[in-house]
Amino acid sequence: MDHIQKSWSTFIIIAQMAEEEEKRMSSKKFNVALAGATGAVGKQMIACLEESDFPVDRIKLLASNRSKGRELSFKNQSVKVEEMTEDSFGGMDIALFSAGGGTSTHFAPYATKAGCVVVDNSSAWRMDPDVPLVVPEVNPHAVAGYTKKGIIANPNCSTIQMVVALNPIHQKYRIKRVVVSTYQAVSGTGIKAMDELSDQTRAIMNFSETESNVYPHQIAFNCLPHIDVFQENGYTKEEMKMLNETRKIMEDDSIQVTATTVRVPVFYGHSEAVNIETEGPISAEDVKSMLAEAPGVKVVDDPSRNVYPMPIDAAGQDLTYVGRIRDDFSIPNGINMWIVADNIRKGAATNTVQIAEILAQDYL
Ligand code: A2P
(Lines give C-alpha, C1' and ligand atoms only; values in the text may rest on other atoms or scores of the structure.)
Protein backbone atom coordinates (compact mmCIF):
# COMPACT_ATOMS: atom_id res chain seq x y z
CA MET A 1 0.00 0.00 0.00
CA ASP A 2 2.81 2.31 1.05
CA HIS A 3 4.54 1.46 -2.19
CA ILE A 4 1.46 2.47 -4.28
CA GLN A 5 1.11 5.73 -2.35
CA LYS A 6 4.78 6.59 -2.97
CA SER A 7 4.49 5.93 -6.74
CA TRP A 8 1.33 8.02 -6.87
CA SER A 9 3.01 11.02 -5.18
CA THR A 10 6.01 10.72 -7.52
CA PHE A 11 3.62 10.70 -10.48
CA ILE A 12 1.88 13.86 -9.20
CA ILE A 13 5.20 15.65 -8.69
CA ILE A 14 6.36 14.78 -12.23
CA ALA A 15 3.03 15.91 -13.71
CA GLN A 16 3.28 19.23 -11.80
CA MET A 17 6.85 19.76 -13.03
CA ALA A 18 5.78 19.05 -16.64
CA GLU A 19 2.91 21.51 -16.30
CA GLU A 20 5.24 24.18 -14.89
CA GLU A 21 7.74 23.61 -17.71
CA GLU A 22 4.95 23.90 -20.28
CA LYS A 23 3.78 27.14 -18.64
CA ARG A 24 7.35 28.46 -18.62
CA MET A 25 7.79 27.61 -22.30
CA SER A 26 4.48 29.10 -23.37
CA SER A 27 5.20 32.30 -21.45
CA LYS A 28 8.76 32.56 -22.75
CA LYS A 29 9.28 35.70 -24.77
CA PHE A 30 12.08 36.71 -27.09
CA ASN A 31 13.91 39.90 -27.95
CA VAL A 32 13.78 40.15 -31.73
CA ALA A 33 15.89 42.36 -34.01
CA LEU A 34 14.71 43.01 -37.57
CA ALA A 35 17.55 43.95 -39.92
CA GLY A 36 16.20 45.73 -43.00
CA ALA A 37 12.94 46.67 -41.26
CA THR A 38 12.14 49.47 -43.71
CA GLY A 39 12.36 47.29 -46.83
CA ALA A 40 9.64 45.44 -48.75
CA VAL A 41 10.32 42.16 -46.90
CA GLY A 42 11.19 43.81 -43.57
CA LYS A 43 7.82 45.58 -43.39
CA GLN A 44 6.06 42.32 -44.17
CA MET A 45 8.09 40.60 -41.44
CA ILE A 46 6.71 43.12 -38.95
CA ALA A 47 3.18 42.27 -40.16
CA CYS A 48 3.86 38.50 -39.98
CA LEU A 49 5.23 38.79 -36.42
CA GLU A 50 2.09 40.67 -35.41
CA GLU A 51 -0.28 38.22 -37.13
CA SER A 52 1.45 35.09 -35.86
CA ASP A 53 1.44 36.24 -32.25
CA PHE A 54 5.13 35.36 -32.07
CA PRO A 55 6.15 35.81 -28.40
CA VAL A 56 8.05 39.08 -28.81
CA ASP A 57 9.32 40.72 -25.65
CA ARG A 58 11.27 43.61 -27.18
CA ILE A 59 11.57 44.46 -30.87
CA LYS A 60 14.46 46.37 -32.43
CA LEU A 61 13.98 47.74 -35.93
CA LEU A 62 17.25 48.17 -37.82
CA ALA A 63 18.02 49.71 -41.23
CA SER A 64 20.66 51.89 -42.85
CA ASN A 65 21.57 55.34 -41.52
CA ARG A 66 19.18 56.78 -44.16
CA SER A 67 16.23 55.51 -42.09
CA LYS A 68 17.58 56.30 -38.62
CA GLY A 69 14.85 57.89 -36.48
CA ARG A 70 11.97 56.91 -38.80
CA GLU A 71 8.99 55.59 -36.88
CA LEU A 72 7.29 52.30 -37.71
CA SER A 73 4.43 50.67 -35.88
CA PHE A 74 4.56 47.31 -34.10
CA LYS A 75 1.40 46.10 -32.34
CA ASN A 76 0.03 49.66 -32.31
CA GLN A 77 3.16 51.03 -30.68
CA SER A 78 5.48 53.40 -32.48
CA VAL A 79 9.05 52.07 -32.70
CA LYS A 80 12.03 54.20 -33.82
CA VAL A 81 14.23 52.70 -36.53
CA GLU A 82 17.88 52.45 -35.47
CA GLU A 83 20.94 52.39 -37.67
CA MET A 84 22.34 48.85 -37.81
CA THR A 85 25.85 48.70 -36.41
CA GLU A 86 28.12 45.91 -35.25
CA ASP A 87 26.87 46.57 -31.69
CA SER A 88 23.15 46.40 -32.48
CA PHE A 89 22.57 42.84 -31.31
CA GLY A 90 23.48 42.78 -27.58
CA GLY A 91 20.57 41.40 -25.54
CA MET A 92 18.69 40.18 -28.62
CA ASP A 93 17.68 36.49 -28.90
CA ILE A 94 16.72 36.24 -32.58
CA ALA A 95 17.65 38.47 -35.53
CA LEU A 96 15.63 38.29 -38.73
CA PHE A 97 17.75 39.67 -41.59
CA SER A 98 16.47 41.04 -44.87
CA ALA A 99 18.88 43.80 -45.79
CA GLY A 100 20.75 42.30 -48.74
CA GLY A 101 23.56 39.76 -49.10
CA GLY A 102 26.50 42.06 -48.39
CA THR A 103 24.87 43.39 -45.24
CA SER A 104 24.14 39.86 -44.00
CA THR A 105 27.67 38.68 -44.73
CA HIS A 106 29.06 41.55 -42.67
CA PHE A 107 26.59 41.84 -39.79
CA ALA A 108 25.29 38.26 -39.17
CA PRO A 109 28.58 37.16 -37.50
CA TYR A 110 28.31 40.13 -35.08
CA ALA A 111 24.76 39.07 -34.24
CA THR A 112 25.76 35.46 -33.56
CA LYS A 113 28.75 36.61 -31.52
CA ALA A 114 26.30 38.55 -29.35
CA GLY A 115 24.40 35.30 -28.72
CA CYS A 116 21.62 35.92 -31.19
CA VAL A 117 20.32 33.28 -33.64
CA VAL A 118 20.08 34.72 -37.16
CA VAL A 119 17.39 33.78 -39.68
CA ASP A 120 18.69 35.27 -42.90
CA ASN A 121 16.63 36.01 -45.96
CA SER A 122 19.52 36.83 -48.30
CA SER A 123 21.47 34.39 -50.44
CA ALA A 124 24.68 35.00 -48.44
CA TRP A 125 24.60 31.85 -46.27
CA ARG A 126 22.23 29.51 -48.09
CA MET A 127 24.75 27.10 -49.56
CA ASP A 128 27.08 27.08 -46.53
CA PRO A 129 27.18 23.43 -45.40
CA ASP A 130 27.04 24.59 -41.77
CA VAL A 131 23.87 26.62 -42.32
CA PRO A 132 20.48 24.90 -42.58
CA LEU A 133 18.23 26.01 -45.46
CA VAL A 134 14.67 25.54 -44.31
CA VAL A 135 11.14 25.40 -45.66
CA PRO A 136 8.99 24.33 -42.69
CA GLU A 137 6.60 22.21 -44.82
CA VAL A 138 9.58 20.28 -46.25
CA ASN A 139 12.54 20.00 -43.85
CA PRO A 140 11.62 21.47 -40.42
CA HIS A 141 14.03 19.01 -38.75
CA ALA A 142 16.95 20.85 -40.40
CA VAL A 143 16.44 23.80 -38.00
CA ALA A 144 18.38 21.71 -35.43
CA GLY A 145 21.57 22.42 -37.43
CA TYR A 146 21.46 26.10 -36.42
CA THR A 147 23.91 25.36 -33.60
CA LYS A 148 26.86 25.02 -36.00
CA LYS A 149 27.00 28.69 -37.02
CA GLY A 150 24.05 30.30 -35.27
CA ILE A 151 22.50 31.03 -38.67
CA ILE A 152 19.52 29.56 -40.51
CA ALA A 153 18.96 30.57 -44.12
CA ASN A 154 15.62 31.31 -45.71
CA PRO A 155 15.61 30.02 -49.30
CA ASN A 156 15.11 31.95 -52.50
CA CYS A 157 11.46 32.95 -53.06
CA SER A 158 10.89 31.00 -56.29
CA THR A 159 12.47 27.88 -54.76
CA ILE A 160 10.30 27.99 -51.61
CA GLN A 161 6.96 27.85 -53.42
CA MET A 162 8.25 25.21 -55.85
CA VAL A 163 9.50 22.78 -53.16
CA VAL A 164 6.31 23.17 -51.09
CA ALA A 165 4.48 21.65 -54.08
CA LEU A 166 7.24 19.25 -55.19
CA ASN A 167 8.01 17.61 -51.86
CA PRO A 168 4.82 15.54 -51.46
CA ILE A 169 5.22 14.33 -55.06
CA HIS A 170 8.88 13.46 -54.50
CA GLN A 171 8.09 11.50 -51.32
CA LYS A 172 5.72 9.23 -53.23
CA TYR A 173 7.03 9.14 -56.81
CA ARG A 174 10.74 10.18 -56.67
CA ILE A 175 11.25 13.16 -58.97
CA LYS A 176 14.03 12.74 -61.54
CA ARG A 177 13.89 16.08 -63.32
CA VAL A 178 12.13 19.44 -63.09
CA VAL A 179 11.86 22.00 -65.90
CA VAL A 180 10.65 25.34 -64.55
CA SER A 181 9.92 28.75 -66.07
CA THR A 182 9.16 31.55 -63.64
CA TYR A 183 7.13 34.75 -63.95
CA GLN A 184 8.47 36.81 -61.05
CA ALA A 185 7.03 39.96 -59.49
CA VAL A 186 9.08 43.14 -59.11
CA SER A 187 8.61 43.26 -55.31
CA GLY A 188 11.28 40.53 -55.18
CA THR A 189 13.81 43.20 -56.15
CA GLY A 190 12.65 45.60 -53.43
CA ILE A 191 10.79 48.86 -52.96
CA LYS A 192 12.79 50.76 -55.61
CA ALA A 193 11.78 48.22 -58.26
CA MET A 194 8.10 48.58 -57.36
CA ASP A 195 8.47 52.37 -57.71
CA GLU A 196 10.18 51.87 -61.08
CA LEU A 197 7.27 49.77 -62.40
CA SER A 198 4.72 52.37 -61.16
CA ASP A 199 6.70 55.31 -62.58
CA GLN A 200 7.24 53.67 -65.97
CA THR A 201 3.58 52.60 -66.25
CA ARG A 202 2.44 56.14 -65.44
CA ALA A 203 4.96 57.64 -67.89
CA ILE A 204 3.91 55.34 -70.74
CA MET A 205 0.20 56.03 -70.16
CA ASN A 206 1.07 59.74 -70.36
CA PHE A 207 3.11 59.30 -73.57
CA SER A 208 6.32 60.32 -71.72
CA GLU A 209 9.83 58.86 -71.77
CA THR A 210 10.59 56.09 -69.24
CA GLU A 211 13.67 55.82 -67.06
CA SER A 212 15.25 52.47 -66.08
CA ASN A 213 17.47 52.57 -63.01
CA VAL A 214 16.82 49.28 -61.20
CA TYR A 215 16.49 46.97 -64.22
CA PRO A 216 18.65 47.13 -67.36
CA HIS A 217 15.52 47.57 -69.54
CA GLN A 218 11.99 48.90 -69.22
CA ILE A 219 9.95 46.53 -67.01
CA ALA A 220 6.51 48.07 -67.61
CA PHE A 221 4.63 46.19 -70.38
CA ASN A 222 7.69 43.96 -70.82
CA CYS A 223 9.30 40.67 -69.67
CA LEU A 224 12.99 40.36 -68.78
CA PRO A 225 14.52 36.86 -68.95
CA HIS A 226 17.14 38.02 -66.49
CA ILE A 227 16.99 37.71 -62.67
CA ASP A 228 20.16 38.29 -60.66
CA VAL A 229 23.50 38.21 -62.46
CA PHE A 230 24.56 36.04 -65.39
CA GLN A 231 27.00 33.20 -64.66
CA GLU A 232 29.75 31.88 -66.91
CA ASN A 233 27.56 28.87 -67.81
CA GLY A 234 24.93 31.11 -69.44
CA TYR A 235 22.38 30.75 -66.62
CA THR A 236 21.51 33.51 -64.18
CA LYS A 237 22.33 33.18 -60.49
CA GLU A 238 18.58 32.93 -59.77
CA GLU A 239 18.32 29.94 -62.14
CA MET A 240 21.24 28.21 -60.44
CA LYS A 241 19.71 28.93 -57.00
CA MET A 242 16.63 26.98 -58.08
CA LEU A 243 18.78 23.91 -58.79
CA ASN A 244 21.13 24.09 -55.80
CA GLU A 245 18.61 25.14 -53.17
CA THR A 246 16.01 22.57 -54.26
CA ARG A 247 18.58 19.79 -53.81
CA LYS A 248 19.66 21.09 -50.40
CA ILE A 249 16.12 21.56 -49.01
CA MET A 250 14.82 18.26 -50.38
CA GLU A 251 18.03 16.52 -49.26
CA ASP A 252 18.47 14.79 -52.61
CA ASP A 253 21.34 15.70 -54.94
CA SER A 254 20.02 13.42 -57.68
CA ILE A 255 17.13 15.74 -58.60
CA GLN A 256 17.83 17.59 -61.84
CA VAL A 257 16.41 21.11 -62.17
CA THR A 258 16.66 23.37 -65.19
CA ALA A 259 15.19 26.85 -64.90
CA THR A 260 14.44 29.99 -66.92
CA THR A 261 13.64 32.86 -64.58
CA VAL A 262 11.75 35.86 -65.93
CA ARG A 263 10.84 39.21 -64.35
CA VAL A 264 7.31 40.32 -65.32
CA PRO A 265 5.40 43.56 -64.64
CA VAL A 266 3.48 42.19 -61.64
CA PHE A 267 3.82 43.79 -58.20
CA TYR A 268 3.21 40.82 -55.89
CA GLY A 269 3.17 37.06 -56.54
CA HIS A 270 5.53 34.78 -58.42
CA SER A 271 4.08 32.24 -60.88
CA GLU A 272 5.84 29.14 -62.17
CA ALA A 273 5.16 26.72 -65.01
CA VAL A 274 6.64 23.45 -63.73
CA ASN A 275 7.20 20.19 -65.61
CA ILE A 276 8.07 17.17 -63.50
CA GLU A 277 9.43 13.80 -64.59
CA THR A 278 9.23 10.98 -62.05
CA GLU A 279 10.89 7.57 -61.81
CA GLY A 280 7.65 5.60 -62.01
CA PRO A 281 4.15 6.08 -63.43
CA ILE A 282 2.29 9.10 -62.06
CA SER A 283 -1.18 10.52 -62.73
CA ALA A 284 -2.55 14.04 -62.58
CA GLU A 285 -5.57 12.77 -60.64
CA ASP A 286 -3.37 11.36 -57.87
CA VAL A 287 -1.19 14.50 -57.77
CA LYS A 288 -4.33 16.61 -57.35
CA SER A 289 -5.62 14.57 -54.43
CA MET A 290 -2.18 14.37 -52.83
CA LEU A 291 -1.58 18.11 -53.07
CA ALA A 292 -5.07 18.79 -51.70
CA GLU A 293 -3.83 17.21 -48.44
CA ALA A 294 -0.31 18.68 -48.50
CA PRO A 295 0.73 21.23 -45.83
CA GLY A 296 0.80 24.84 -47.02
CA VAL A 297 -0.75 23.99 -50.40
CA LYS A 298 -4.13 24.89 -51.86
CA VAL A 299 -5.22 23.26 -55.09
CA VAL A 300 -7.06 25.77 -57.30
CA ASP A 301 -7.83 23.79 -60.41
CA ASP A 302 -11.13 23.91 -62.26
CA PRO A 303 -10.42 24.82 -65.88
CA SER A 304 -14.10 24.30 -66.83
CA ARG A 305 -14.88 27.41 -64.72
CA ASN A 306 -11.66 29.29 -65.66
CA VAL A 307 -10.34 28.65 -62.15
CA TYR A 308 -6.56 28.51 -61.73
CA PRO A 309 -4.02 30.25 -59.47
CA MET A 310 -3.19 33.89 -60.25
CA PRO A 311 -0.83 36.34 -58.55
CA ILE A 312 -3.62 38.82 -57.85
CA ASP A 313 -5.33 36.17 -55.71
CA ALA A 314 -2.16 34.89 -54.03
CA ALA A 315 -1.03 38.40 -53.01
CA GLY A 316 -1.33 38.87 -49.26
CA GLN A 317 -1.77 35.12 -48.62
CA ASP A 318 0.56 32.54 -47.05
CA LEU A 319 -0.42 29.44 -49.02
CA THR A 320 1.14 28.07 -52.19
CA TYR A 321 -1.52 27.72 -54.88
CA VAL A 322 -1.30 24.92 -57.45
CA GLY A 323 -3.42 24.44 -60.53
CA ARG A 324 -3.39 23.39 -64.21
CA ILE A 325 -2.31 19.95 -62.95
CA ARG A 326 -2.22 17.70 -65.99
CA ASP A 327 -0.45 14.68 -67.40
CA ASP A 328 2.48 15.40 -69.70
CA PHE A 329 1.79 13.22 -72.74
CA SER A 330 5.24 13.85 -74.25
CA ILE A 331 7.09 11.61 -71.76
CA PRO A 332 6.22 8.32 -70.00
CA ASN A 333 6.04 9.69 -66.42
CA GLY A 334 5.38 13.42 -66.46
CA ILE A 335 3.18 16.10 -64.92
CA ASN A 336 2.70 19.78 -65.72
CA MET A 337 1.47 22.28 -63.19
CA TRP A 338 1.25 26.01 -62.38
CA ILE A 339 2.40 27.21 -58.96
CA VAL A 340 1.70 30.68 -57.54
CA ALA A 341 2.56 32.25 -54.16
CA ASP A 342 3.10 35.68 -52.64
CA ASN A 343 6.88 36.10 -52.97
CA ILE A 344 7.09 38.61 -50.14
CA ARG A 345 5.02 36.50 -47.74
CA LYS A 346 5.58 32.72 -48.26
CA GLY A 347 8.59 33.48 -50.44
CA ALA A 348 10.25 35.58 -47.73
CA ALA A 349 8.65 37.05 -44.58
CA THR A 350 6.18 34.27 -43.70
CA ASN A 351 8.74 31.51 -44.24
CA THR A 352 11.29 33.40 -42.09
CA VAL A 353 8.80 33.88 -39.26
CA GLN A 354 7.73 30.21 -39.51
CA ILE A 355 11.39 29.20 -39.11
CA ALA A 356 11.69 31.52 -36.10
CA GLU A 357 8.59 29.92 -34.59
CA ILE A 358 10.10 26.42 -34.83
CA LEU A 359 13.33 27.77 -33.36
CA ALA A 360 11.53 29.46 -30.47
CA GLN A 361 9.20 26.56 -29.72
CA ASP A 362 11.61 23.66 -30.01
CA TYR A 363 15.15 24.92 -29.54
CA LEU A 364 15.50 28.15 -27.53
P1 A2P B 1 17.04 51.63 -45.79
O2 A2P B 1 15.55 51.69 -45.99
O3 A2P B 1 17.50 52.49 -44.68
O4 A2P B 1 17.81 51.79 -47.07
P5 A2P B 1 14.51 46.70 -50.12
O6 A2P B 1 15.00 45.33 -50.49
O7 A2P B 1 13.02 46.78 -50.10
O8 A2P B 1 15.15 47.76 -50.91
O9 A2P B 1 14.98 46.91 -48.58
C10 A2P B 1 16.30 46.76 -48.16
C11 A2P B 1 16.39 46.93 -46.65
O12 A2P B 1 17.76 46.76 -46.25
C13 A2P B 1 16.00 48.32 -46.19
O14 A2P B 1 15.41 48.24 -44.91
C15 A2P B 1 17.33 49.03 -46.12
O16 A2P B 1 17.35 50.14 -45.24
C17 A2P B 1 18.19 47.92 -45.54
N18 A2P B 1 19.59 48.16 -45.78
C19 A2P B 1 20.25 48.31 -46.95
N20 A2P B 1 21.57 48.53 -46.75
C21 A2P B 1 21.76 48.50 -45.40
C22 A2P B 1 22.91 48.65 -44.56
N23 A2P B 1 24.12 48.87 -45.03
N24 A2P B 1 22.72 48.59 -43.21
C25 A2P B 1 21.50 48.37 -42.70
N26 A2P B 1 20.38 48.21 -43.46
C27 A2P B 1 20.51 48.27 -44.78
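Counting starts at 1 for both ligands and their atoms, in listed order. Residues take their numbers from the sequence shown, with the count starting at 1. Atom set for the values below is all heavy atoms of this structure, side chains included, hydrogens, waters and symmetry mates excluded.
In Thr103, the part holding a heavy atom less than 4.0 Å from any atom of ligand 1 is the side chain.
Protein heavy atom in closest approach to atom 9 (O) of ligand 1: Gly39 CA, 3.2 Å. Given atom 7 (O) of ligand 1, the protein heavy atom at minimum distance is Ala40 N, 2.8 Å. Closest protein heavy atom to atom 4 (O) of ligand 1: Arg66 NH2, 2.8 Å. Of the protein's heavy atoms, Thr38 OG1, 3.9 Å lies nearest to atom 15 (C) of ligand 1.
In this structure the side chain of Arg174 reaches within 4.5 angstrom of the side chain of Asp252, judged on heavy atoms. Side chains of Phe267 and Leu197 form a contact here, defined as non-hydrogen atoms less than 4.5 Å apart.
Scanning Gly42, Ala37, Ala63, Ser98 for the heavy atom closest to atom 11 (C) of ligand 1 points to Ser98. Closest to atom 3 (O) of ligand 1 by heavy atom, among Ser67, Ser104, Ala193, is Ser67.
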Practice problem: Evaluate the criterion ring-ring contact (aromatic ring centres under 6.0 Å, His included) for residue pair Tyr363 and Phe30; output intermediate values, then yes/no. | Solution: CA-CA 12 Å; Tyr363 298 97; Phe30 301 90; over 10 Å; no

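Considering backbone and side-chain N/O of Gly190, none are found under 3.5 Å from N/O of ligand 1.
Looking at Asp120 and Asn154, their side chains never bring a donor and an acceptor atom within 3.5 Å of each other.
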